[in-house]
Amino acid sequence: WRHFMYRLAETPVDERDGSIYGAVLEWDRQALLVGYAPFRPAGAPAAVVALRGTLLSGATLRRDVADDLRFLAGDSLKGSVRFAGAMAALRAAARRHGARGVCVGGHSLGAGFALQVGKALAKEGVLVECHVFNPPSVSLATSLRGFTEMAGEVWGRVRAWLPYLGSAAAARRRRRRRRWSARGPG
C-alpha cells in the first residue's frame with residue numbers, strides 16, 4: 001500500500017479464530033513527502049476500509065462459510081461478529097477523517113459486509129463511498145446454484161477419497177427393492 005501512499009492503520013481480527021478479515025488504510029503524509037508530491041490527489045480518500053472475501057482454507061473456513069450461509073438464509077450479515085467489527089472500524093475512520101474522506105470496499109463476502117455496513121451507517125446519516133467487487137448474490141436461485149456447485153465439488157473430493165464405500169450399500173438397497181417389489185401390494 002505504500003506505493004499508493006497509504007499505510008496500514010488497523011487490522012480487524014475475528015477474536016474467535018484469530019483471522020484478519022479486513023484492513024484500515026490511511027493516507028500516509030510522510031510517504032507522500034518522500035515521493036515529492038505536495039498534496040493528496042483530488043478525490044483520493046483519507047482512509048479506506050477494505051474487507052476480504054471468503055477463504056476456503058485454514059482456520060477461517062468455518063466462520064466464512066457460516067457467514068456465507070447467514071447471508072444466503074437471511075439476506076443479512078448483521079448477526080455476525082465481523083459485521084460489528086467492520087462497523088466499528090468504519091465508524092472510527094469516519095469520525096477521524098469525516099465521512100467524505102472515507103471509502104469502504106470489499107470482494108465477495110467482504111463486498112456483502114461493505115454494502116451492509118455502508119447501508120447501516122447511511123441510515124445513521126453517515127454517507128461513505130462504497131466500492132464492491134463480486135458481492136454475494138441476493139437472488140436465492142443464483143445463490144443456491146453457487147452453493148450447489150461448491151457442494152458438488154466438495155462431494156467429488158470426498159468420493160475420490162472413499163471410492164468403494166458406496167457401492168456395497170447401493171447393491172444392498174437394490175436387492176431390498178427387488179424383494180419388496182416382488183412381493184407386490186397387500
Side-chain angles (χ1 to χ4, degrees), residues 1-32 34-35 40-41 43-124 126-138 143 146-147 149-151 153-154 157:
W1 293 105
R2 286 183 177 249
H3 176 73
F4 297 104
M5 309 296 176
Y6 284 90
R7 66 177 173 76
L8 182 63
E10 180 187 346
T11 52
V13 175
D14 188 331
E15 65 274 355
R16 299 168 301 174
D17 61 13
S19 65
I20 297 171
Y21 60 91
V24 178
L25 305 163
E26 292 181 344
W27 186 256
D28 190 358
R29 289 186 180 104
Q30 291 173 346
L32 184 68
V34 171
R40 185 175 74 229
V48 176
V49 178
L51 304 169
R52 71 161 174 80
T54 304
L55 292 177
L56 295 178
S57 63
T60 188
L61 170 69
R62 196 171 113 222
R63 305 288 182 205
D64 285 357
V65 170
D67 282 338
D68 282 328
L69 292 174
R70 178 190 315 271
F71 185 80
L72 176 66
D75 198 26
S76 177
L77 295 165
K78 287 186 180 175
S80 173
V81 169
R82 294 175 182 181
F83 178 89
M87 184 76 150
L90 190 56
R91 233 188 228 127
R95 222 179 4 259
R96 241 184 343 266
H97 301 284
R100 294 182 66 110
V102 176
C103 175
V104 62
H107 172 263
S108 182
L109 180 61
F113 278 114
L115 283 171
Q116 292 193 357
V117 168
K119 183 178 176 182
L121 276 181
K123 287 180 180 178
E124 296 174 8
V126 180
L127 304 176
V128 297
E129 192 173 333
C130 184
H131 297 273
V132 296
F133 306 93
N134 196 24
S137 174
V138 293
S143 296
F147 185 71
E149 289 170 2
M150 185 172 68
E153 182 182 327
V154 169
R157 289 180 187 173

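One-based numbering along the sequence shown. What you see is a predicted model; the values in this text were computed from it and never measured.
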In Å and rounded to the nearest 0.5 Å, what is the [atom1] to [atom2] distance from [X] to [Y]?
{"X": "C103", "Y": "H97", "atom1": "SG", "atom2": "NE2", "result": "12.5 Å"}
{"X": "D67", "Y": "Y21", "atom1": "CG", "atom2": "OH", "result": "10.0 Å"}
{"X": "K78", "Y": "R70", "atom1": "NZ", "atom2": "CZ", "result": "13.0 Å"}
{"X": "E26", "Y": "L8", "atom1": "CD", "atom2": "CG", "result": "9.5 Å"}

Discussion item. Before you tell me yes or no, could you show the steps for R63 and S19 under side-chain contact (heavy atoms from CB on, under 4.5 Å), namely the whole-Å CA-CA distance, both residues' side-chain angles and the distance that decides it to 0.1 Å?
Written reply: CA-CA 9 Å; R63 305 288 182 205; S19 65; 5.8 Å; no
Going by heavy atoms in the side chains, are [X] and [Y] under 4.5 Å from each other?
{"X": "P12", "Y": "R82", "result": "no"}
{"X": "V48", "Y": "V24", "result": "no"}
{"X": "L121", "Y": "L90", "result": "yes"}
{"X": "L77", "Y": "L109", "result": "yes"}
{"X": "V81", "Y": "E15", "result": "yes"}
{"X": "D64", "Y": "R52", "result": "yes"}
{"X": "V102", "Y": "P45", "result": "no"}

Discussion item. Does R62 have more than 12 heavy atoms from other residues, nucleotides or ligands lying within 6.0 Å of its CZ?
Written reply: no
Discussion item. Quick check on R16: does its CZ atom have over 12 non-hydrogen neighbours (other residues, nucleotides or ligands) under 6.0 Å away?
Written reply: yes
Worksheet item: Where does the angle between the aromatic ring planes of W27 and Y6 fall among parallel (under 30°), tilted (30 to 60°) and perpendicular (over 60°)?
Response: perpendicular
Practice prompt. List the atom of E10, the atom of A89, and the distance in Å for their closest heavy-atom pair.
Written response: OE2-CB, 4.2 Å
Item to complete: Would you name the heavy atoms of A114 and V104 that are closest together and state the gap between them?
Response: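 In this case the closest contact between A114 and V104 is CB-CG2, 3.8 Å.
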Item to complete: Tell me, with the steps shown, if L55 and L61 meet side-chain contact (heavy atoms from CB on, under 4.5 Å).
Response: CA-CA 6 Å; L55 292 177; L61 170 69; over 6 Å; no
